Amino acid sequence: MRMPRVKRVQGCILTSSLPTHGRSPESHDLHLIRDRRTPTRTTMTSPHLKAVIFDIGGVVCRSPLIVIAAYEREHGIPNNYINCAITARGSHGASQKFERGEMSLFPFYEQFGRELSDTTVNNPAYAQYCKRRGIACPKLPETLHIDGRELFGRMMRESGEFDERVVEAIRRIRAAGRWRVIALTNNFSKSEADIIGDSPPPPEKCPHFTVQSELEFLGWKEGATPPRLRALFDDFCDSSTLGMRKPEPEIYLLACARNGIKPTEAVFLDDLGMNLKAAQALGMETIHVPIGGSLEALKKLEAKLGIDLTSGAFEPTEWTPSKL
C-alpha cells in the first residue's frame, strides 16, 4: 500500500494524500494532523469565541495604503492627503459607492480622479486632519491632477500579494476545527459584465480596450477575488455583493448572522481604526494589524484562541509574500 507523503513542520504533520471528502483541492490544501509529541496549545484568554473575522487588504494581502503613500511621495503630495480626500466624501464618494457595487469601473475611475484632485474640498479636510492629530499642516497643493485609473490600477496590482504568515495562521485555525474563519472586506468583485456595465470607455480614450486587457491592467487575471483567496475561508463577505461596506454596522451584523454567531463571539482583525471601532461598538473583540505588524497581531490572536499560529521558519520582515 502506498503511504502518504509526510512532512513534520511547526508542531504539525503535513500530509498531501489524505482524502478530501468532496472538498475542492483549494479549500482542502494540506490536512494538519497534530503531532502529539509537540505541545502547541497555549492559555486561551477568550474561550467564548466562535469565529475569527479577517479583513483582506492590509491583513491577508498587501495594504493599498503602501501604494498610496508611495504615490504621494512621488508627486509631492502631503502624507495621508489622498486618504483624507477619500474619507471626506463620507458614504457618497466614488470609492465608497464602488465598494458597495453601485458604480461600474470606468465611471468610478472618472469620479475617483475628480474627487482626489478637488483641492477646494480636500485642503480643508486635510487641515482638519492635521489639527486633530496635533501636527503642523504643510503647504497644501493649489491644484492637483490625479488620474483615477492610473492610481487605482497601481493600488490593485501592488496589493495582490498574500502575507504568507497570515495565510499559514488561517490554515492552522481552520485545521483546529473550532472556529468559523470569515473574510469581511471592502471590495469590488462582480462579474466581468458588471465591471464594465453599460458604460464602456469611449474609443478615443481606450482604442484597444477589451475586458480582459482591463482586468490584466488591474492585476485581476483571476478576477478581483481569486478562487484561491476565497478558498481560505469558511465564508467570504464582500461589500460589493452585499451592498454595504465597513464601517457600516450592518455589514458586521450580516457577517455574523450568515455564520450563526453573535458579534460578541467574534474577534475581528483589520488595519483601519475606524473599521475596528465600529466592530468594538457591536461587542466584537478586535486586533489592529498595522503595516508590517502581522506577526505581533497574530501573537495577540493566538493568545485569544490558545493555539500556536506563529512558530516556524518565518523571519520577522516588513512583508512576507506568499507563494499561494
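Predicted, not measured: the structure shown is a model, and the values here were computed from it. This chain uses plain numbering: 1 for the first residue, then up along the sequence.
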Aromatic contact, F112 with Y109 (centres under 6.0 Å): no
List in chain and number order the residues that pass side-chain hydrogen bond (donor to acceptor under 3.5 Å, both in side chains) with S91, two or more places apart in sequence or in another chain; answer none if no residue qualifies. none
Cation over ring face, R157 and F217, 6.0 Å, 45°: yes
So with a 6.0 Å cut-off around NZ of K97, is the heavy-atom count from everything else above 12? yes
Does K50 have more than 12 heavy atoms from other residues, nucleotides or ligands lying within 6.0 Å of its NZ? no
Pair listing, ring pair (Phe, Tyr, Trp, His ring centres under 6.0 Å) test, anchored in residues 45-65, at least two apart: none
Rounded at 0.5 Å granularity, tell me how far CG in D238 sits from CG in N186. 9.0 Å
For N123 and L140, indicate whether the former's side chain and the latter's backbone hold a donor-acceptor pair under 3.5 Å. no
Derivation of the side chain to side chain contact (heavy atoms under 4.5 Å, CB included) call for L144 and Y81: CA-CA 11 Å; L144 277 177; Y81 185 94; 3.5 Å; yes
Would a hydrophobic clustering, with Ile, Leu, Val, Met, Phe, Trp and Tyr connected at side-chain separations under 4.5 Å, put I182 with I287? no
So that I know where these two stand, are F268 and Y252 an aromatic pair - ring centroids less than 6.0 Å apart? yes
For residues I251 and M244, report the shortest heavy-atom separation together with the two atoms involved. CD1-O, 3.2 Å
Any side-chain heavy-atom pair from E158 and I66 closer than 4.5 angstrom? no
Identify, with sequence neighbours excluded, every residue that meets side-chain contact (heavy atoms from CB on, under 4.5 Å) alongside E142. K139
Go through it in stages, so that I can follow the logic: the residues are T185 and N187, the test is side-chain hydrogen bond (donor to acceptor under 3.5 Å, both in side chains), and I'd like the CA-CA distance, side-chain angles, deciding distance and then a yes or no. CA-CA 6 Å; T185 178; N187 193 25; 5.0 Å; no
Determine whether R89 and D118 satisfy the following criterion, salt bridge (charged side-chain N to carboxylate O under 4.0 Å, His left out), listing intermediate values before the conclusion. CA-CA 11 Å; R89 269 68 190 181; D118 185 357; 3.7 Å; yes
Mind running salt bridge (charged side-chain N to carboxylate O under 4.0 Å, His left out) on E168 and R172 for me, showing each step along the way? CA-CA 6 Å; E168 174 63 19; R172 295 188 195 185; 2.9 Å; yes
For the pair E161 (side chain) and R62 (backbone), establish whether a donor and an acceptor sit closer than 3.5 Å, ignoring hydrogens and angles. no
Please list, chain by chain and in numerical order, all residues satisfying side-chain hydrogen bond (donor to acceptor under 3.5 Å, both in side chains) with Y126, sequence neighbours excluded. none
Spatial distance of atom NZ (K300) from atom OG1 (T45) [nearest 0.5 Å]: 12.0 Å
Going through the checks in order, is the side chain to side chain contact (heavy atoms under 4.5 Å, CB included) test met by I68 and M155? CA-CA 7 Å; I68 291 174; M155 289 165 61; 4.0 Å; yes
Any idea how F98 and F108 line up, ring-wise: parallel (<30°), tilted (30 to 60°), or perpendicular (>60°)? parallel
Suppose we screen for ring-ring contact (aromatic ring centres under 6.0 Å, His included). Which residues come up paired with H75, at least two apart in sequence or across chains? Y71
E110: what forms a side-chain hydrogen bond (donor to acceptor under 3.5 Å, both in side chains) with it, not counting sequence neighbours? K205
Verify the distance criterion only: is there a donor paired with an acceptor across the side chains of T119 and N122 at less than 3.5 Å? no
Could you walk me through whether F233 and I56 satisfy the side chain to side chain contact (heavy atoms under 4.5 Å, CB included) test, starting with their C-alpha distance in whole Å, then the side-chain angles of each, then the deciding distance to 0.1 Å, before giving a yes or no? CA-CA 11 Å; F233 300 94; I56 299 300; 3.8 Å; yes
Backbone N/O of E150 and side chain of D147: donor-acceptor pair under 3.5 Å: yes
Donor-acceptor under 3.5 Å (E285 side chain, E265 main chain): no
Output yes when a side-chain donor or acceptor of S239 lies under 3.5 Å from a complementary backbone atom of E99, and no otherwise. yes
For V52 and R180, what are the C-alpha separation, side-chain angles and deciding distance, and is it a side chain to side chain contact (heavy atoms under 4.5 Å, CB included)? CA-CA 6 Å; V52 184; R180 294 283 291 173; over 6 Å; no
Find out whether T286 and V267 are in side-chain contact, i.e. whether some heavy atom of one side chain is under 4.5 Å from a heavy atom of the other. no
